[in-house]
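Please read the structure below before turning to the comments.
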Amino acid sequence: MICRKSDISCDQVAQILKKGGVVIIPTDTVYGFSGITEKKYETDRKIRQIKGRSESKPLICLISKPSDISKYTDDVIPDNLLEKWPGALTVIVKNKGDDSTTAYRCPGDVWLREVIEKCGNTIFSTSVNLSGEPVLETEDEIVSVFKDKTDLIVLDGDRKNAKPSTLVKIENGKVIVLRQGDIQV
């Protein structure tokens, strides 16, 4: 199904995600593949298969509000970083209970945060492109390549020259900038 963002409710998108569907949705940066992070649905595997992405390359998780980060990590996020959420900032933290890490972002788009909230869980996100290829910037490109590969495509205009999120890692209490985007750190 393909529709405009203005023609579909957050509830409708959340229902598709909560059933294990993979969707393409606009974010505050580029379009992203998304799926709910509940393991039973294996949406991370589905997204990797669609993109041709390696198992070793992690997907980020989107949260609906900045305070949600404390559900997933005991790392202390400095206030000057938390102040940049919601926004185009991705923070890699150590997961609660083990030494693995996950990247989280609280997107600046209010509609997207409402979708996440209605899912009652984090959702995966990764740029819309085939692995190793440039990010697709136009609605026409996205539809022509992926129209039969996802459960839903939500369109909201082209994203030409959009920068990816700034990517930082919290390590031993220090902030390490891995990729500089629009948000200055």
Side-chain angles (χ1 to χ4, degrees), residues 13-14 16-66 68-69 71-73 75 77 81 85-109 111-113 115-137 142 145-146 149-154 159 162-171 176-183:
V13 177
I16 292 168
L17 288 165
K18 286 166 51 172
K19 291 177 183 172
V22 171
V23 302
I24 293 175
I25 49 181
T27 74
D28 49 343
T29 55
V30 297
Y31 280 86
F33 286 107
S34 287
I36 199 158
T37 58
E38 288 183 49
K39 288 192 185 295
K40 69 180 179 180
Y41 293 115
E42 297 186 341
T43 59
D44 58 334
R45 180 190 55 77
K46 294 175 189 176
I47 292 168
R48 289 173 198 287
Q49 188 173 32
I50 293 167
K51 281 187 68 133
R53 186 175 176 142
S54 162
E55 289 287 325
S56 64
K57 290 186 90 174
L59 305 177
I60 71 167
C61 294
L62 300 180
I63 56 177
S64 63
K65 55 187 174 293
D68 286 349
I69 191 71
K71 296 177 187 176
Y72 309 106
T73 186
D75 284 352
I77 313 293
L81 282 184
W85 272 353
L89 172 69
T90 302
V91 181
I92 301 171
V93 294
K94 193 181 291 188
N95 295 315
K96 280 189 177 187
D98 64 41
D99 284 334
S100 66
T101 60
T102 300
Y104 291 93
R105 186 156 75 89
C106 182
D109 184 278
W111 179 89
L112 179 53
R113 288 197 317 274
V115 168
I116 300 162
E117 181 72 26
K118 290 184 178 297
C119 284
N121 204 332
T122 57
I123 63 173
F124 290 117
S125 185
T126 184
S127 60
V128 174
N129 61 313
L130 295 171
S131 190
E133 297 293 321
V135 173
L136 299 181
E137 297 181 324
I142 291 166
V145 176
F146 295 111
K149 296 183 169 103
T150 61
D151 299 289
L152 172 67
I153 298 175
V154 178
R159 296 290 199 269
K163 286 187 178 179
S165 63
T166 297
L167 178 63
V168 300
K169 182 176 186 176
I170 305 295
E171 191 171 279
I176 301 165
V177 178
L178 302 175
R179 176 181 69 210
Q180 187 64 62
D182 274 339
I183 301 276

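All values below come from the heavy atoms of this structure, side chains included, with hydrogens, waters and symmetry mates left out. Note that the structure is a prediction, hence the values are computed from the model and not measured.
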Should [X] and [Y] count as side-chain neighbours, where that means a heavy-atom distance under 4.5 Å?
{"X": "Val93", "Y": "Tyr104", "result": "yes"}
{"X": "Cys106", "Y": "Pro86", "result": "yes"}
{"X": "Val30", "Y": "Glu137", "result": "no"}
{"X": "Phe124", "Y": "Ser34", "result": "no"}
{"X": "Ile170", "Y": "Leu81", "result": "yes"}
{"X": "Leu178", "Y": "Ile92", "result": "yes"}
{"X": "Val91", "Y": "Ile69", "result": "no"}

What are the two closest non-hydrogen atoms of Cys61 and Thr37, and how far apart are they?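 Here Cys61 and Thr37 meet closest at SG-CG2, 3.9 Å.
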Kindly give the heavy-atom pair with the smallest separation between Lys118 and Ala14, and that separation in Å. CB-CB, 3.7 Å
Determine whether more than 12 heavy atoms belonging to other residues, nucleotides or ligands lie under 6.0 Å from atom NZ of Lys149. no
So, using salt bridge (charged side-chain N to carboxylate O under 4.0 Å, His left out) as the criterion, who are the partners of Glu42 when residues are at least two apart? Arg45
Apply salt bridge (charged side-chain N to carboxylate O under 4.0 Å, His left out) to Lys71 and list each qualifying residue two or more places apart in sequence or on a separate chain.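 Result, salt bridge (charged side-chain N to carboxylate O under 4.0 Å, His left out) vs Lys71: Asp68.
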Say you draw a straight line from [atom1] of [X] to [atom2] of [Y]; how long is it, rounded to the nearest 0.5 Å?
{"X": "Cys119", "Y": "Ile16", "atom1": "SG", "atom2": "CD1", "result": "10.0 Å"}
{"X": "Thr150", "Y": "Ile47", "atom1": "OG1", "atom2": "CD1", "result": "10.5 Å"}
{"X": "Arg159", "Y": "Thr27", "atom1": "CZ", "atom2": "OG1", "result": "6.5 Å"}
{"X": "Gln49", "Y": "Glu55", "atom1": "CD", "atom2": "CD", "result": "10.0 Å"}
{"X": "Arg48", "Y": "Leu59", "atom1": "CZ", "atom2": "CG", "result": "4.5 Å"}
{"X": "Tyr31", "Y": "Ile25", "atom1": "OH", "atom2": "CD1", "result": "11.0 Å"}

Of Val23, Leu112, Ile63, which is the lone residue that meets side-chain contact (heavy atoms from CB on, under 4.5 Å) with Ile123? Leu112
Side-chain ([X]) to main-chain ([Y]) donor-acceptor, under 3.5 angstrom:
{"X": "Thr90", "Y": "Ser165", "value": "no"}
{"X": "Asn129", "Y": "Leu136", "value": "no"}
{"X": "Thr73", "Y": "Lys94", "value": "yes"}
{"X": "Ser127", "Y": "Gly32", "value": "no"}
{"X": "Gln180", "Y": "Ile183", "value": "yes"}
{"X": "Thr43", "Y": "Ile36", "value": "yes"}
{"X": "Lys46", "Y": "Gly20", "value": "yes"}

Quick one: do Val154 and Trp111 satisfy side chain to side chain contact (heavy atoms under 4.5 Å, CB included)? Show the steps, please. CA-CA 12 Å; Val154 178; Trp111 179 89; 3.9 Å; yes
Kindly assign one of parallel, tilted or perpendicular to the pair Phe33 and Phe146, based on the angle between their ring planes and the thresholds 30° and 60°.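 Phe33 vs Phe146 ring planes: perpendicular.
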Quick one: which residue pairs count as a salt bridge (charged side-chain N to carboxylate O under 4.0 Å, His left out) with a foot in residues 23-34, not counting sequence neighbours?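 Passing the test, one end in residues 23-34: Asp28-Arg105.
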